Participant: 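For reference, the structure I am asking about is given below.
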Amino acid sequence: DAGGGPDAFSAWEAFLESYRRYALEVVGCAQAMLPVDPSSPALCGMAIGAARTERHCVHHLTGECRRGFRCPDRHPVAAQMPAIRREFKRKACRFGSECYSPKCLFYHPRSEPATKR
């Protein structure tokens with residue numbers, strides 16, 4: 001019977017059970033070898049050899065990071081981004097009022113309006 005039947009179903013269940021045991025064993029071995037929590041976002045970059053920094057990726061925060069998982073800086077999840085952007089706004093831009101980048105995350109002091117005498 002090409003469509004299967006009770007024997008094919010039993011064989012499939014046995015295969016799935018053996019695969020589950022194998023997968024749990026592989027995960028257990030991998031977790032034992034890792035110095036960090038495997039659910040850590042830093043693991044993605046580390047898994048492909050990237051050195052992680054403590055800095056947040058400015059390009060990711062502006063939606064323009066082209067490095068993706070290769071980026072050494074942190075890429076926060078969407079829920080964290082508003083708070084991180086607020087932190088950047090508390091720091092003065094090194095270019096000050098001369099900054100013309102529309103996506104700059106830093107604080108820009110306004111030039112004082114000319115006062116009438």
Side-chain angles (χ1 to χ4, degrees):
D1 182 19
D7 292 337
F9 187 70
S10 298
W12 183 247
E13 282 184 334
F15 169 76
L16 287 177
E17 183 56 35
S18 107
Y19 183 77
R20 282 187 198 104
R21 284 194 308 271
Y22 167 76
L24 289 173
E25 182 181 334
V26 168
V27 168
C29 290
Q31 287 177 343
M33 295 184 319
L34 292 175
V36 296
D37 177 17
S39 64
S40 169
L43 184 59
C44 294
M46 288 171 48
I48 59 172
R52 300 297 291 185
T53 67
E54 295 300 314
R55 300 181 314 179
H56 287 99
C57 177
V58 175
H59 300 289
H60 176 72
L61 293 170
T62 60
E64 296 184 353
C65 183
R66 292 187 229 155
R67 293 181 181 180
F69 287 126
R70 295 184 320 267
C71 185
D73 297 332
R74 297 194 179 276
H75 284 198
V77 294
Q80 297 171 325
M81 290 173 75
I84 294 168
R85 285 186 184 121
R86 282 193 299 274
E87 288 296 317
F88 273 91
K89 276 292 182 200
R90 293 181 181 164
K91 301 172 188 171
C93 177
R94 66 180 173 164
F95 300 110
S97 59
E98 300 296 314
C99 180
Y100 298 106
S101 174
K103 292 189 175 186
C104 185
L105 298 172
F106 296 96
Y107 169 74
H108 298 92
R110 295 185 181 144
S111 56
E112 292 296 319
T115 57
K116 295 182 181 179
R117 291 182 189 206

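Small disclaimer: the values here were computed from a predicted structure and weren't measured.
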Participant: With no hydrogens and no angle check, is any side-chain donor or acceptor of H75 less than 3.5 Å from a backbone partner on C57?
Facilitator: no
Participant: If I take atom SG from residue C71 and atom CZ from residue R66, how far apart are they, to the nearest 0.5 angstrom?
Facilitator: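 Those atoms lie 12.5 Å apart.
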Participant: Nearest 0.5 Å, please: how far is CG in D73 from NE2 in H56?
Facilitator: 9.5 Å
Participant: Tell me whether the rings of F106 and F88 are parallel (<30°), tilted (30 to 60°) or perpendicular (>60°).
Facilitator: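 Plane angle over 60°, so perpendicular.
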Participant: When E87 is tested against each of K91, R85, R90 for side chain to side chain donor-acceptor pair (under 3.5 Å), which residue passes?
Facilitator: R90
Participant: So for atom NE2, which belongs to H59, do other residues, nucleotides or ligands contribute more than 12 heavy atoms lying within a distance under 6.0 Å?
Facilitator: no
Participant: Measuring from atom CG of L61 to atom CZ of R74, what distance do you get when rounded to the nearest 0.5 angstrom?
Facilitator: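 Result: 13.0 Å between the selected atoms.
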Participant: Rounded to the nearest 0.5 Å, how far does NE2 of H60 lie from CZ of R67?
Facilitator: 14.0 Å
Participant: Hey, is the main chain of A14 close enough, under 3.5 Å, to the side chain of E17 for a donor-acceptor pair?
Facilitator: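 A pair under 3.5 Å: no.
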Participant: Quick check: closest heavy atoms across S97 and P109, and the distance to 0.1 Å?
Facilitator: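 Smallest heavy-atom distance, with atoms named: CB-O, 4.0 Å.
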Participant: Kindly state whether the ring of W12 and the ring of F15 have centres lying under 6.0 angstrom apart.
Facilitator: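 Distance test on ring centres: under 6.0 Å, yes.
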Participant: Atom SG of C104 and atom NZ of K89: how far apart are they, to the nearest 0.5 Å?
Facilitator: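 Rounded to the nearest 0.5 Å, the SG-NZ separation comes to 6.5 Å.
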